[in-house]
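Structure record follows, encoded as structure tokens.
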Amino acid sequence: MSGNFHIFVEGKEDSFFLQGYLDYLNIPVSAGCIRDIEGEGKLGGQLPTIDQQLNDGVKVLIVFDANSNCETKRRKIDRILESRNVPVFLFPDNRSGGALEDVLEKIIKPEHEGVFTCFENYKACLREKSSEYVLPNKKGKIYSYKEALGALDKSQQFASRYWDFGNSALAPLKDFLTSNIL
């Protein structure tokens with residue numbers, strides 16, 4: 001049943017992305033159904049809310065980053081959730097290490113690939129100038145992409161005109177969401 005779900009995510013970026021992607025999938029999202037818990041370490045503090053929602057018949061999902069190892073992260077989340085029946089999806093594809101930014105790199109619109117070319121040239125220039133410079137990370141790369149497109153407003157940063165939501169890199173997430181929400 002759509003509309004009767006709650007998704008816990010690690011951060012604001014994840015929340016904005018899922019809102020945009022669910023809009024693309026035409027899955028209605030009610031206010032507050034995507035909750036940014038401000039870091040994976042705070043999942044345990046959400047257990048009373050999760051329990052209440054499960055008792056109320058709300059479908060609860062967790063969408064986090066896998067980070068360096070998907071199975072290690074899944075085991076960690078399973079230990080926190082204990083025996084609660086809560087489906088978990090780990091970016092980038094629910095089986096590999098990585099994060100939301102890995103997915104976002106893959107789903108930029110082809111007509112905007114030049115932004116990433118410029119970003120890589122910028123990093124190369126920094127390396128050439130001094131080994132003391134700190135090179136921007138993937139979050140910085142994605143931020144630069146959104147900034148170059150004028151897409152930093154939270155309501156617009158994950159609009160489908162900036163991202164290829166039909167990209168096969170999103171197939172695992174689409175399968176997860178549609179099988180657990182619809």
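We number each residue from 1, following the sequence as shown.
By the 6.0 Å contact criterion, NZ on K106 is open, its count of non-hydrogen atoms from other residues, nucleotides or ligands being 12 or less.
Take K42 and apply the salt bridge (Lys or Arg N to Asp or Glu O under 4.0 Å) test, not counting sequence neighbours, and it matches E38. For F16, there are no ring pair (Phe, Tyr, Trp, His ring centres under 6.0 Å) partners two or more places apart in sequence or in a different chain. Shown here are the ring pair (Phe, Tyr, Trp, His ring centres under 6.0 Å) partners of Y143, two or more places apart in sequence or in another chain: there are none. Residues passing the side-chain contact (heavy atoms from CB on, under 4.5 Å) test with Q19 are D23, V29, I34, sequence neighbours excluded. Partners of N26 by side-chain contact (heavy atoms from CB on, under 4.5 Å), not counting sequence neighbours: none found. Among residues two or more places apart in sequence or in another chain, the salt bridge (Lys or Arg N to Asp or Glu O under 4.0 Å) test is passed with E13 by K146. The salt bridge (Lys or Arg N to Asp or Glu O under 4.0 Å) check on D36 picks up K12, with sequence neighbours excluded. For A148, the side-chain contact (heavy atoms from CB on, under 4.5 Å) partners are V115, not counting sequence neighbours.
The nearest pair of heavy atoms linking F119 to S144 is CE1-OG, 3.6 Å. Listed here is the closest heavy atom pair of A169 and I107: CB-CG2, 4.2 Å. Closest approach of I77 to I62, counting heavy atoms only: CG2-CD1, 4.3 Å. Contact between L104 and W163 at its shortest, heavy atoms only, is O-CZ3, 3.4 Å.
Cation-pi geometry between K109 and Y162 is not met: the NZ or CZ atom fails to fall both under 6.0 Å from the ring centre and inside 45° of the normal.
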Ignoring hydrogens and angles, write down the donor-acceptor pairs under 3.5 Å from the side chains of residues 92-102, residues two or more places apart or on other chains.
from : atom 1 : to   : atom 2 : distance (Å)
D93  : OD1    : R95  : N      : 3.0
D93  : OD1    : S96  : N      : 2.7
D93  : OD1    : S96  : OG     : 3.2
D93  : OD2    : S96  : OG     : 3.0
N94  : OD1    : R74  : NH2    : 2.7
N94  : OD1    : L90  : N      : 2.8
E101 : OE2    : K139 : NZ     : 3.0
D102 : OD1    : K138 : NZ     : 2.2
D102 : OD2    : A99  : N      : 2.7

Distance-only donor-acceptor pairs under 3.5 Å for side chains of residues 175-182, two or more places apart:
from : atom 1 : to   : atom 2 : distance (Å)
T178 : OG1    : K174 : O      : 2.8
T178 : OG1    : D175 : O      : 3.4
S179 : OG     : D175 : O      : 2.8
S179 : OG     : F176 : O      : 3.2
N180 : ND2    : F176 : O      : 2.8

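Note: R35 CZ to E10 CD = 15.5 Å, rounded to the nearest 0.5 Å.
Y122 belongs to a hydrophobic cluster whose remaining members, ordered by chain and number, are L126, Y133, L135; membership requires side-chain heavy atoms of ILVMFWY residues under 4.5 Å apart, directly or through intermediates.
Proximity of the aromatic rings of F64 and F91 is defined here by a centroid distance below 6.0 angstrom, and this criterion is not met. Annotation: F165 is in aromatic contact with Y21 [ring centroid separation under 6.0 Å].
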For K123 and K141, what are the C-alpha separation, side-chain angles and deciding distance, and is it a side-chain contact (heavy atoms from CB on, under 4.5 Å)? CA-CA 10 Å; K123 283 176 52 176; K141 186 176 186 177; over 6 Å; no
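The salt bridge (charged side-chain N to carboxylate O under 4.0 Å, His left out) analysis of residues 50-67, with sequence neighbours excluded, yields the pairs D51-R84.
N167 contributes no side-chain N or O that, together with a main-chain N or O of L170, makes up a donor-acceptor pair within less than 3.5 Å.
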